[in-house]
Amino acid sequence: MKRISFHTAGESHGRGLTALLEGMPAGLSLQMERDVDPELKRRQGGYGRGRRMQIESDQADLLSGVRLGETLGSPISMIIWNRDWENWTTSMAHLPPDPDANPKALRPHYLPRPGHADLVGAFKYDRRDVRDIRERASARETAARVACGAVAKRLLSEFGILVGSHVVSIGDVEGGVSELPDDVNAVADSNPVRCLDEAASQEMMAGIDAAKENGDTLGGIFEVVATGVPVGLGSYVSWDARLDGRLAGAVMSVQAVKGVEVGIGFEGARRSGSAVHDAIVRAEEKPLSGGIGRASNRAGGLEGGITTGEPLVVRGAMKPISTLRKRLPSVDLRDGSEGDAAVERSDVCAVPAAGVVAEAMVALVLADAFLDKFGGDALSEVRRNFDGYVSYLSERGFGER
């Protein structure tokens, strides 16, 4: 049974974004300034972001679900107000427009952008002005996801599970690291493109500058890593209980992500089995995996849809952003005439931010799987169940039962 669910609402240039998170146990210490706002700030960073990030300074306004600094077990609702709303009160008004108003004041767009939801959304919802589509389809919505994910990360941290991310590549520049640092985010966040390879990061920034100069955009690959995950989360008994499938769907749902892999993923399809599967070894120093570990972690911490106790590793491939100053051909939805796609303020590259959003999605799925395994309406109850499981893993031993 799914324990954690969340919903977001709001438009990119509307009054704000609303996040509703359900399923968190009671008794979890939670403060917006300490636990949520720093994650929102991380989402806004990264070399290649547009002018919108200079306008907004995202903070979560808590409406419900917390009293005296602790969760109540009831739905947690938050609002992230859009500072830019004051410049869009006419074009994003809720009331019908003044018949005598200048149509341009409504900021309509009729030339959909290739690669965006503009055209398909216009067909699906029977609209002509694709402003009605892009306002919700915009990646601005991910601020609300990050707010929910921050709460999930707060829960997981109570049990020693940390979720971080870093950028693997931007464009055709790929970074390389032999070993991940203990605190991935502490190192990645200090870099403008959130890459752990300093030399590669300089090339990435040069590539972003060149793309900006050419009116183009760049995509790339990010990696999310969760450490401290115990063996046994997820299941193989039903297709929708497999944790690898749930994680893939969650990361793929992030705007502009077109590919997801767990562990070595697609590379594993090019190797023989002996060069893919992780040898099983004794590992008394790993109580969260029952004293049995892996000689490597090419599986990315998942086998059969269940966590192995090794670090969870998920990668996402983000395509270049679809708003280009070098406009691509399009068709005017008013009269069918050919023209160039509409241009609006946008990023050149948002791969560093996408990694932060993917962290939130991974944390939400992991937190749900964690509560599905250990249950409990209060944090104290979850802790008793978790501690009992860890004791079982330590005492399980070998031999007949």
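Using modelled atom types, one finds no donor on one side chain facing an acceptor on the other under 3.5 Å when comparing R294 with T308. Looking at R136 and S12, their side chains never bring a donor and an acceptor atom within 3.5 Å of each other. A side-chain donor from one of D335 and S337 sits under 3.5 Å from a side-chain acceptor of the other. Inspection of the S165 and E359 side chains reveals an N or O donor paired with an N or O acceptor under 3.5 Å. R194 and N185 share a donor-acceptor pair across their side chains, judged by distance under 3.5 Å alone.
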Original post:
So L62 and I76, side chain to side chain contact (heavy atoms under 4.5 Å, CB included) or not? Walk me through it.
Top reply: CA-CA 8 Å; L62 180 65; I76 297 171; 3.9 Å; yes
Subject >> R298 vs E267, salt bridge (Lys or Arg N to Asp or Glu O under 4.0 Å): CA-CA, chis, key distance, verdict >> reply: CA-CA 10 Å; R298 292 182 284 247; E267 173 60 29; over 6 Å; no
**OP:** Go through R43 and T142 one step at a time and tell me if the side-chain hydrogen bond (donor to acceptor under 3.5 Å, both in side chains) criterion holds.
**Re:** CA-CA 9 Å; R43 190 200 73 91; T142 61; 3.0 Å; yes
**OP:** Could you walk me through whether W81 and R15 pass the side chain to side chain contact (heavy atoms under 4.5 Å, CB included) test, one step at a time?
**Re:** CA-CA 6 Å; W81 300 106; R15 289 190 65 192; 4.1 Å; yes
Subject >> Residues Y236, I306; criterion side chain to side chain contact (heavy atoms under 4.5 Å, CB included); working and verdict >> reply: CA-CA 7 Å; Y236 54 80; I306 302 175; 3.4 Å; yes
**OP:** Please step through side chain to side chain contact (heavy atoms under 4.5 Å, CB included) for the pair H109 and R107, ending with a clear verdict.
**Re:** CA-CA 7 Å; H109 277 302; R107 304 191 189 192; 5.9 Å; no
**OP:** For salt bridge (Lys or Arg N to Asp or Glu O under 4.0 Å), just list the numbers for E141 and R145, CA-CA rounded to whole Å, side-chain angles, deciding distance to a tenth of an Å, and then say yes or no.
**Re:** CA-CA 7 Å; E141 176 265 346; R145 299 200 207 187; 3.1 Å; yes
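The salt bridge (charged side-chain N to carboxylate O under 4.0 Å, His left out) test with D118 singles out one residue from K124, R113, R131, R127, and that residue is R113. When the options R140, K41, R83 are evaluated for a salt bridge (charged side-chain N to carboxylate O under 4.0 Å, His left out) with D58, the one that passes is R140.
A heavy-atom distance below 4.5 Å is not found between the side chains of E135 and I133. Counting heavy atoms from C-beta outward, V224 and L312 have side chains that stay 4.5 Å or more apart. Residues I221 and M318 form no side-chain contact, since every pair of their non-hydrogen atoms from C-beta on lies 4.5 Å or further apart. In this structure, the side chains of V168 and F222 stay at 4.5 Å or more apart for every pair of heavy atoms. Within the 4.5 Å cutoff, no side-chain heavy atoms of L30 are placed close to those of L155. At least one side-chain heavy atom of K212 sits less than 4.5 Å from a side-chain heavy atom of R325. Counting heavy atoms from C-beta outward, T8 and T18 have side chains that stay 4.5 Å or more apart. Between L63 and M78 the shortest side-chain heavy-atom distance does not fall below 4.5 Å.
In E285, the CD atom is crowded: over 12 heavy atoms of neighbouring residues, nucleotides or ligands sit closer than 6.0 Å. Crowding of E284 atom CD: a count of heavy atoms from other residues, nucleotides or ligands under 6.0 Å exceeding 12. Annotation for N102: atom CG counts as buried by contact number, over 12 foreign heavy atoms lying within 6.0 Å. Environment of NZ in K319: crowded, with over 12 heavy atoms of neighbouring residues, nucleotides or ligands closer than 6.0 Å.
Annotation: F386 is in aromatic contact with F370 [ring centroid separation under 6.0 Å]. The ring of Y389 has its center closer than 6.0 angstrom to the ring center of Y392.
Note that OG of S296 and CD of E310 are 8.5 Å apart. Values are rounded to the nearest 0.5 Å. For the atom pair I170 CD1 and D172 CG, the distance stands at 11.0 Å (nearest 0.5 Å). Note that CG of N191 is 12.0 Å distant from NE2 of H166, once rounded to the nearest 0.5 Å. To the nearest 0.5 Å, the span separating OG on S77 from NE2 on H7 amounts to 13.0 Å. Atom CD1 in I280 sits 6.5 Å away from atom CD in E303 (nearest 0.5 Å). We find the OG-CG distance between S29 and D35 to be 6.5 Å, quoted to the nearest 0.5 Å.
Here the closest heavy-atom approach between residue A250 and residue V365 is recorded as CB-CG2, 3.6 Å. For the pair V173 and A200, the tightest heavy-atom approach, listed with the atom from each and the gap, is CG1-O, 3.6 Å. Between A378 and P25, the shortest heavy-atom distance links the atoms C-CB, 3.9 Å. Here the closest heavy-atom approach between residue P352 and residue G46 is recorded as CB-CA, 4.0 Å. Between E174 and S169, the shortest heavy-atom distance links the atoms CA-CB, 3.9 Å. Between P75 and L20, the closest heavy-atom pair is CB-CD1, 3.8 Å.
With hydrogens and angles disregarded, a donor-acceptor distance shorter than 3.5 Å links the side chain of N297 to the backbone of P311. Using a distance-only test at 3.5 Å, with no hydrogens or angles considered, a donor-acceptor pair links the side chain of D183 to the main chain of A186. When atom types are taken as modelled, the side chain of E261 and the backbone of F266 share a donor-acceptor pair closer than 3.5 angstrom. A donor-acceptor contact shorter than 3.5 Å is absent between the side chain of N214 and the backbone of D216. A side-chain donor-acceptor contact under 3.5 Å links D37 to the backbone of A60. A donor-acceptor contact shorter than 3.5 Å is absent between the side chain of S289 and the backbone of V231. T71 places a side-chain N or O within 3.5 Å of a backbone atom of L28 that can act as its donor or acceptor partner. In this structure a side-chain-to-backbone donor-acceptor pair under 3.5 Å is missing from D372 to D368. T307 places a side-chain N or O within 3.5 Å of a backbone atom of L233 that can act as its donor or acceptor partner. Side-chain N or O atoms of N82 include none that pairs as donor or acceptor with a backbone N or O of W85 at under 3.5 Å.
Under the 6.0 Å distance and 45° angle rule, R128 does not count as a cation-pi partner of Y110.
Taking the six-membered ring for Trp and thresholds of 30 and 60 degrees, H13 and W88 have nearly parallel ring planes, at less than 30 degrees apart.
By the 4.0 Å N-to-carboxylate-O rule, E381 lies too far from R383 to be salt-bridged with it.
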